[in-house]
J.: 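One structure coming up, written as structure tokens, with questions to follow.
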Amino acid sequence: MRDTDVLVIGAGPAGAVAAQEAKRAAPTLDVVLLERDGAVGTPVRCAEGVGDAGLREFANPVGAPWVARKIRRVIFLAPDDSEVKVAERDVGWILDRTRFDAFLAERASADGVEVLVGTEAAGMNRLADGRWEVRLRGALGDESVRVRMVIGADGVEAMVGRWAGLDTRVPARDMESCAQYVLRGIDIDPDAIYLQFGRAIAPGGYAWVFPRAPGIANVGLGIVALKADGRNAREYLDDWIARRYPGAEQTGYTVGGVITHTTITQTYTDGVLVAGDAAHMINPLSGGGIVNAMKAGRLAGRAAAAAVCAADTSARRLSAYHAEWMRLLGDDHLKYYRIKQALEELDDDFFNSLAHTVNAIPGDKRTLGRIFAHALVRHPQLIPVAARFFI
Amino acid sequence: GRYRSPMTPSEIAVVDLRVCDRCGLCLPLCPPEAIHLNLSDLVVDRSTCTGCRKCIAPCPVGALTMVAA
């Protein structure tokens with residue numbers, strides 16, 4: 001049985017950043033990054049949109065081969081198809097996740113991380129000396145590895161947390177069921193992302209169009225199944241596309257889950273940290289998680305390396321990771337979750353009316369602050385929503 | 001050991017592997033943690049599933065259904 005100091009399970013953004021940060025923090029440690037699929041970055045289960053500022057903390061997107069498109073505008077579509085443009089600046093980027101994830105893993109590898117693809121963790125148990133024995137299964141057969149620190153970055157499945165005794169379950173009301181196609185030949189503003197809300201379109205979620213190139217976009221939606229009419233996410237998406245983009249050519253197709261909950265109550269235990277989607281570190285309003293995952297991975301990698309170097313991988317020590325995450329973003333997610341709950345009480349008529357209010361503001365004066373002020377005056381039912389941010 | 005079962009169930013969940021996309025969405029929805037994913041297949045542990053149906057509707061492709069236990 002081989003030994004390693006830090007084993008990171010899952011080579012998405014959280015895992016790759018965690019592995020690299022652990023190795024950078026303590027170059028003498030053995031750090032292994034595990035990927036179940038045959039290549040890092042596949043399959044893609046993501047709309048691939050990311051904010052500009054958050055991304056730049058980790059990599060420069062300008063001219064990068066892992067960028068599909070720069071985004072300058074956001075266009076909201078009300079349930080009645082009214083369009084509302086709310087930004088005119090550098091908003092963010094549409095990534096090519098296949099290339100982006102590979103870029104992050106290659107960067108970790110260049111720093112000395114051992115990257116194993118086509119190998120999955122199949123279970124783990126705690127040894128008498130405090131280390132974890134992790135059972136691996138891959139193309140070369142089964143083997144076990146003894147590990148001082150395990151970082152679970154295994155996404156929505158969150159098996160590592162489960163094996164470690166952490167509660168990673170999700171209430172069905174906070175699970176978005178998502179489906180997405182890559183569509184070609186559609187008439188869109190190639191520099192804008194489109195978001196449409198509506199109970200008949202995407203109950204409990206929203207539909208999106210994220211351009212990859214002129215005429216080509218990731219087109220998908222997420223629904224909360226408890227609020228649906230019996231159709232699954234793919235059926236809702238097919239109906240929406242048939243109405244908005246009839247005749248478009250469908251190429252890529254993917255499905256997946258997005259957890260719109262709050263960070264799990266405990267992201268650590270003896271010798272184990274969980275990060276990213278595996279710990280529900282997702283913005284519960286937008287469902288965005290890429291930058292959150294990288295930020296959590298950075299914290300987890302550093303915490304794991306420091307714990308191994310100090311020969312103290314106890315839950316007590318590792319609890320500082322959880323506290324740091326909550327200060328960084330976790331507490332904000334609690335506020336966003338309360339806003340999400342309040343917004344769920346508003347119906348399609350409200351959002352149609354809100355769109356008309358916003359469109360009455362001249363485009364060059366349409367800042368988020370001005371939109372919010374106008375909306376509160378014209379639509380007092382928003383006041384309790386705003387209040388949920390503070391209480 | 002976290003889950004207190006409400007109870008053998010009359011129905012349990014099964015997955016149609018021809019339809020399943022292996023996205024893993026259903027795993028954290030299962031209260032008794034009866035659903036597993038490995039390199040090739042989604043598996044519902046018949047001995048653990050309580051037939052609560054919480055995994056059925058959220059499946060984006062409708063791969064999970066209930067059958068007589």
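Below, all heavy atoms of this structure are taken into account, side chains as well, without hydrogens, waters or symmetry copies. Naming convention: chains lettered A, B, ... in sequence-line order (proteins, then strands); numbering from 1 in each chain.
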J.: Considering only heavy atoms and a distance below 4.5 Å, find which of A/Arg45, A/Met159, A/Glu157 pairs most often with chain B.
T.: A/Arg45
J.: Is it the case that atom NZ in A/Lys340 sees more than 12 heavy atoms from other parts of the structure closer than 6.0 Å?
T.: yes
J.: Can you list, pair by pair, the side-chain donor-acceptor contacts under 3.5 Å of residues 279-290 of chain A, counting residues two or more places apart and other chains?
T.:
from, atom 1, to, atom 2, distance (Å)
A/His280, NE2, A/Thr168, O, 3.1
A/Asn283, OD1, A/Leu285, N, 2.8
A/Asn283, OD1, A/Ser286, N, 3.3
A/Ser286, OG, A/Gly288, N, 3.0

J.: Looking at A/Thr254, A/Asn232, A/Val255, A/Ile223, which one forms a side-chain contact (heavy atoms from CB on, under 4.5 Å) with B/Pro60?
T.: A/Val255
J.: Of the backbone (N, CA, C, O) and the side chain (C-beta and beyond), which part of B/Ile56 lies under 4.5 Å from a heavy atom of chain A, both, or neither?
T.: neither
J.: Apply the side-chain contact (heavy atoms from CB on, under 4.5 Å) test between B/Pro28 and each candidate in A/Val156, A/Ile264, A/Asp277; give the one that qualifies.
T.: A/Val156
J.: Look at the side chain of A/Arg234 and the backbone N and O of B/Val61, then say whether any donor-acceptor pair between them is shorter than 3.5 Å.
T.: no
J.: To the closest 0.5 Å, what do you measure between CZ (B/Arg22) and CZ (A/Arg36)?
T.: 11.0 Å
J.: What part of A/Pro43 is in contact with chain B, defined as an atom under 4.5 angstrom from a non-hydrogen atom: side chain, backbone, both or neither?
T.: neither
J.: Non-hydrogen atoms of chain B under 4.5 Å away: do they reach the side chain of A/Glu176, the backbone, both or neither?
T.: backbone
J.: For A/Ala179, which atoms come within 4.5 Å of any heavy atom of chain B: side chain, backbone, both, or neither?
T.: neither
J.: At a 4.5 Å cut-off on heavy atoms, which part of A/Tyr253 comes close to chain B: side chain, backbone, both, or neither?
T.: side chain
J.: Non-hydrogen atoms of chain A under 4.5 Å away: do they reach the side chain of B/Cys30, the backbone, both or neither?
T.: backbone
J.: Given heavy-atom pairs under 4.5 angstrom as the criterion, report whether the side chain, backbone, both or neither of B/Cys59 touches chain A.
T.: backbone
J.: Taking salt bridge (charged side-chain N to carboxylate O under 4.0 Å, His left out) as the test, write out the residues that go with A/Arg199, two or more places apart.
T.: none
J.: I need the minimum non-hydrogen distance between B/Glu33 and A/Arg162, along with the two atoms involved.
T.: O-NH1, 3.3 Å
